[in-house]
Amino acid sequence: MPAPSKREKSMSPIAWRCVLSALLAVVGLASACSARAADPAAEARQAWQLLDYIAVDYPAAIQSGEVVDAGEYAEMQEFTASVRAKLAALPPGAGHAARLAKAKQLEGLVAERADAEQIARSAGALASELLTVYKIEAAPAAVPDLARGAALYAQQCTACHGASGRGDGPAAAGMDPPPIAFTDADRAKHRSPLSLYQVISQGLPGTAMMSYAHLSNDDRWALAYYTGGLAYDAAAREQGEALWADDGQVRRVFPDLAALSGATEADVSKTLGADRARAITAYLRGEPGAVAASSPINSNESLTLARQRLQQS
């Protein structure tokens, strides 16, 4: 190591600490920028997740232009600001400025306490654009294993969400915001398996919901489908099974696992009506293999998966 220069000798310990802190800050900033540049889709995925959450939970904050829950409303404001910040951090490209403008417009709508339908349309349109532009994963590679999902839920989720998904687990007391009640039918109709998968994968900022990215992709999809079915009862599933067998229109709505994974009951009701949408959602969340069996593409995937598992056995 070379001997210190006269200038270095003249610097006090405090000055050295200041220089060292500045260097570390620069290195940290460079590392953060490098990580962001390496995976711009990470910011897009988080922005998509927040947009989905806003579309679903905004009615719990604002009704008829009035704040009904100050905490929820503050969260909506925080999330819309975060969406804009995350999009601003993405590399510029085609449509980037327009997406930033849409994010700013959504932030303004929340500030104006716009009606829930307008918020849902605005957030949903921007989320769909992110899904396409940044090629965010939108479907499982194989048919989700619901038995595996149930086992994972019992191991990982019951402490907060409760054994039956009512948000009443032993660790839920005092949580602010409280854990999601998967059995809440009003909120469940606006959630897709894809949105649940994203929350499971990334966690949810500002809540106790942590990321479960350490689980395999298949496990996270299994959990998403399992939790996405907790709001539906056996009667609805039986009705849905009959519809799937007899109604060609219903099968055309779900040509593959990607369509099923991105579908919400609320969106499906626009095509099939509320009763049929609830029934078919109940059935297919519990039996996603029915879609795979009816799709030539997914049938081939299922055969490949079967061969792989046979070889593993």
Side-chain angles (χ1 to χ4, degrees), residues 43-90 95-134 136 161 166-167 172 174-192 194-196 198-199 202-209 228 231 262-270 274 277-278 281:
E43 294 288 343
R45 283 194 297 270
Q46 291 173 9
W48 184 94
Q49 177 187 336
L50 291 171
L51 287 164
D52 182 80
Y53 192 89
I54 291 162
V56 173
D57 278 29
Y58 181 82
I62 300 291
Q63 293 178 12
S64 302
E66 298 295 329
V67 177
V68 294
D69 187 318
E72 286 275 3
Y73 183 53
E75 195 173 63
M76 295 296 105
Q77 292 175 303
E78 178 188 343
F79 284 0
T80 50
S82 183
V83 167
R84 183 163 59 86
K86 288 182 181 299
L87 295 190
L90 292 170
H96 181 68
R99 287 188 289 276
L100 275 178
K102 291 173 186 175
K104 186 175 181 180
Q105 180 186 39
L106 176 62
E107 194 175 6
L109 289 172
V110 170
E112 295 165 6
R113 304 174 188 174
D115 68 271
E117 283 295 324
Q118 190 175 8
I119 294 293
R121 283 196 303 271
S122 180
L126 183 53
S128 295
E129 191 172 345
L130 293 180
L131 201 68
T132 302
V133 171
Y134 293 96
I136 297 171
H161 296 283
R166 298 181 184 278
M175 283 188 179
D176 184 21
I180 288 173
F182 295 116
T183 53
D184 184 335
D186 287 335
R187 291 190 178 189
K189 70 174 61 174
H190 295 285
R191 286 197 173 97
S192 66
L194 173 59
S195 66
L196 291 164
Q198 291 292 348
V199 173
Q202 302 178 71
L204 190 63
T207 75
M209 178 61 192
T264 67
E265 180 191 332
D267 285 337
V268 175
S269 68
K270 296 171 185 175
R278 178 167 178 77
T281 301

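Keep in mind it's a predicted model, so treat the numbers as computed, not measured.
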(message) Show me the pairs that pass ring pair (Phe, Tyr, Trp, His ring centres under 6.0 Å) and involve residues 99-134, at least two apart or across chains.
(response)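 Ring pair (Phe, Tyr, Trp, His ring centres under 6.0 Å) check on residues 99-134 returns no pairs.
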Taking atom [atom1] of [X] and atom [atom2] of [Y], what is their separation to the nearest 0.5 Å?
{"X": "Leu90", "Y": "Lys86", "atom1": "CG", "atom2": "NZ", "answer": "9.5 Å"}
{"X": "Arg278", "Y": "Glu265", "atom1": "CZ", "atom2": "CD", "answer": "5.5 Å"}
{"X": "Leu106", "Y": "Leu50", "atom1": "CG", "atom2": "CG", "answer": "10.5 Å"}
{"X": "Ile119", "Y": "Leu51", "atom1": "CD1", "atom2": "CG", "answer": "11.0 Å"}

Closest heavy-atom pair and its distance - [X], [Y]:
{"X": "Ala172", "Y": "Gly167", "answer": "CB-O, 3.6 Å"}
{"X": "Ala47", "Y": "Val83", "answer": "O-CG2, 4.0 Å"}
{"X": "Ala103", "Y": "Leu87", "answer": "CB-CD1, 3.9 Å"}
{"X": "Ala60", "Y": "Val68", "answer": "O-CG2, 3.3 Å"}

Is there a donor-acceptor pair under 3.5 Å between the side chain of [X] and the backbone N or O of [Y]?
{"X": "Tyr58", "Y": "Ala114", "result": "yes"}
{"X": "Thr80", "Y": "Met76", "result": "yes"}
{"X": "Ser82", "Y": "Glu78", "result": "no"}
{"X": "Ser269", "Y": "Ala266", "result": "yes"}

Residues that [X] engages under side chain to side chain contact (heavy atoms under 4.5 Å, CB included), provided they are two or more places apart:
{"X": "Ala85", "value": "none"}
{"X": "Ser192", "value": "Leu194, Ser195, Thr264"}
{"X": "Glu75", "value": "Tyr53, Glu72, Phe79, Pro177, Thr207"}

(request) Let me see the working for Leu126 and Trp48 under side-chain contact (heavy atoms from CB on, under 4.5 Å), right down to the final yes or no. (result) CA-CA 8 Å; Leu126 183 53; Trp48 184 94; over 6 Å; no
(request) Apply side-chain contact (heavy atoms from CB on, under 4.5 Å) to Ile62 and Asp69, showing your working. (result) CA-CA 7 Å; Ile62 300 291; Asp69 187 318; over 6 Å; no
(request) Give the C-alpha distance, both sets of side-chain angles, the deciding distance and a yes or no for side-chain contact (heavy atoms from CB on, under 4.5 Å) between Gln49 and Val199. (result) CA-CA 7 Å; Gln49 177 187 336; Val199 173; 3.9 Å; yes
Which pairs of donor and acceptor atoms, one on a side chain in residues 178-190, lie under 3.5 Å apart (sequence neighbours left out)?
| residue | atom | partner | partner atom | Å |
| --- | --- | --- | --- | --- |
| Asp184 | OD1 | Asp186 | N | 3.1 |
| Asp184 | OD1 | Arg187 | N | 3.4 |
| Arg187 | NH1 | Asp57 | OD2 | 3.3 |

(message) With salt bridge (Lys or Arg N to Asp or Glu O under 4.0 Å) as the rule and sequence neighbours excluded, what pairs involving residues 98-118 come up?
(response)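 Non-adjacent pairs meeting salt bridge (Lys or Arg N to Asp or Glu O under 4.0 Å): Arg84-Glu107, Arg99-Glu129, Lys102-Glu129.
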